[in-house]
There are 2 protein chains.
Amino acid sequence: MNDLLTISEIKKCPVHYVLAINDTLNVISGKWKLPILASILYGNYRYKDIQANIDKITPRMLSKELKELELNGVITRNVYDSTPVRIEYKMTESGKNILSVLDAMVDWGVSHRKSTFKHSD
Amino acid sequence: MNDLLTISEIKKCPVHYVLAINDTLNVISGKWKLPILASILYGNYRYKDIQANIDKITPRMLSKELKELELNGVITRNVYDSTPVRIEYKMTESGKNILSVLDAMVDWGVSHRKSTFKHSD
DNA sequence: ACTCTTACTATACAAAAGTATAGCAATACT
DNA sequence: AGTATTGCTATACTTTTGTATAGTAAGAGT
């Protein structure tokens, strides 16, 4: 799916590190992955709620990304036999931990902006 | 360039966090960014060296990505007036710190793989 | 004048990622 | 039978990202 080349193809960085980095990138890259994860984290578990919560996402993209996130073990999909049918997407335990990566990204991003004197954007 | 939507467009997450995350994603996403950064980190400073070091990258992509990384304040470009001309790309101090993000990604990726019992890929 | 080296740029094309718009299937309620 | 709600799928299209291949510019050496 993602055939990013990385450190391994260059020198000694262990292969499983590279795989790990690629896994992580797969989970967070793309236009809608983070918005979706954030929405679920903030308590929107149902398709309609997530859709309403994210401005301008199309149903195609939403279901595509939800499928991928489920496949990657980041969220779960549960069907409840109420009526109308209720389907809930929730973060897995492992999925929740991805916040630590986001924290690292915020930290670097903020200090990088400071040290590089960016004003606008 | 990257109009990733994120947490802010969903709820309360502070805007500068979102900008920070987007900055970070811009620096590491795409097929060649990490290989290039890794190559420079490993001591390949010159265009030819980086190119020789990364299998199958085209000159177009290499110069495109180097420009972007420079623009983003992650690497510097220095021209030395030797002959033939020598140009060196090096990580900025801030650029080097992005390793902390990669560490977080490796950590999550590895433990996620464990907890999800992935075997192959 | 020709060749070598380094560090690229130009043009055309292919593949991947995302958008727009419409419609479907299941169940219940009226 | 008709309408509403939820959770999607289908098809066609545009945009972004990456590839392939060739060529350029500047200086030194022969």
Side-chain angles (χ1 to χ4, degrees), chain A residues 1-6 9-10 22 25-37 39-40 43-72 75-90, chain B residues 1-6 9-10 22 25-37 39-40 43-72 75-90:
Chain A
M1 197 244 139
N2 189 336
D3 69 349
L4 261 185
L5 300 180
T6 26
E9 319 216 3
I10 287 171
N22 281 341
L25 276 175
N26 275 335
V27 169
I28 60 180
S29 63
K31 186 171 182 181
W32 302 109
K33 296 269 175 60
L34 282 182
I36 291 169
L37 292 179
S39 188
I40 294 173
N44 298 291
Y45 303 132
R46 304 182 62 181
Y47 189 94
K48 277 270 158 185
D49 293 340
I50 300 170
Q51 188 178 16
N53 185 228
I54 301 178
D55 198 30
K56 289 179 187 170
I57 193 169
T58 60
R60 183 182 185 277
M61 287 314 281
L62 182 52
S63 65
K64 193 171 153 288
E65 301 293 50
L66 286 171
K67 256 174 213 162
E68 238 185 283
L69 288 169
E70 195 197 354
L71 222 119
N72 284 333
I75 61 174
T76 53
R77 179 182 188 272
N78 288 295
V79 183
Y80 296 97
D81 225 25
S82 61
T83 172
V85 67
R86 200 168 104 249
I87 291 174
E88 284 192 355
Y89 296 94
K90 295 206 171 177
Chain B
M1 198 243 144
N2 191 338
D3 68 348
L4 260 184
L5 301 179
T6 27
E9 318 214 4
I10 288 170
N22 281 341
L25 275 175
N26 276 335
V27 170
I28 59 178
S29 62
K31 186 171 180 178
W32 301 109
K33 296 269 175 59
L34 284 182
I36 291 169
L37 292 179
S39 189
I40 295 173
N44 298 291
Y45 303 130
R46 305 181 62 181
Y47 189 95
K48 277 270 159 183
D49 293 340
I50 300 170
Q51 189 179 17
N53 186 228
I54 301 178
D55 198 30
K56 289 180 186 168
I57 193 170
T58 60
R60 183 182 186 277
M61 288 313 280
L62 181 51
S63 64
K64 193 171 153 289
E65 301 292 51
L66 285 171
K67 256 174 213 158
E68 239 185 282
L69 289 168
E70 195 196 354
L71 222 120
N72 284 333
I75 61 174
T76 54
R77 179 182 188 270
N78 288 294
V79 183
Y80 296 98
D81 224 27
S82 61
T83 169
V85 67
R86 201 167 103 249
I87 291 173
E88 285 192 354
Y89 296 94
K90 294 204 174 180

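Within every chain, numbering begins at 1; the chains are lettered A, B, ... in the order of the sequence lines, protein sequences first and strands thereafter. This one's a predicted model, so the numbers in the text were calculated from it and none came from an experiment.
Rounded to a whole Å, the NZ atom of A/Lys33 is 15 Å from the P atom of C/dA16. Between the CD atom of B/Glu65 and the P atom of D/dG18 there is a distance of 6 Å, given to the nearest Å. Distance CD1 (B/Ile57) to C1' (D/dT21): 16 Å, rounded to an integer number of Å. Across the protein-nucleic acid pair, A/Ile28 atom CD1 and C/dA17 atom C1' stand 17 Å apart, rounded to whole Å. Between B/Met61 atom CE and C/dT11 atom C1' the separation is 16 Å, expressed in whole Å. Counting to the nearest Å, the P atom of C/dT27 and the CG atom of A/Asp81 are 8 Å from each other. Between the CG atom of A/Asn44 and the C1' atom of D/dT6 there is a distance of 16 Å, rounded to whole Å. In this structure, OH of A/Tyr80 is placed 19 Å from P of C/dT27, rounded to the nearest angstrom.
Between D/dT19 and B/Lys31, a contact under 4.0 Å exists linking OP1 or OP2 to a side-chain N or O.
Taking the side chain as every heavy atom from C-beta outward, A/Ile36 and A/Ile75 never approach each other to under 4.5 Å.
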| note | With sugar-phosphate taken as primed atoms, P, OP1 and OP2 and all else as base, the protein-contact string of nucleotides 4-9 of chain C at under 4.0 Å (heavy atoms; B, S, -) is -BBSBB
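At least one donor-acceptor pair closer than 3.5 Å links the side chain of A/Asn44 to the backbone N or O of A/Ser39.
Looking at residues two or more places apart in sequence or on another chain, you find a side-chain contact (heavy atoms from CB on, under 4.5 Å) between B/Glu88 and B/Tyr45, B/Arg46, B/Tyr80, B/Arg86, B/Lys90. Evaluation of the side-chain contact (heavy atoms from CB on, under 4.5 Å) rule for A/Pro59 yields A/Tyr47, A/Gln51 as partners, not counting sequence neighbours. Applying the side-chain contact (heavy atoms from CB on, under 4.5 Å) test to B/Arg60 and every residue at least two apart in sequence or in another chain returns B/Thr58, B/Lys64. For B/Thr83, there are no side-chain contact (heavy atoms from CB on, under 4.5 Å) partners at least two apart in sequence or on another chain.
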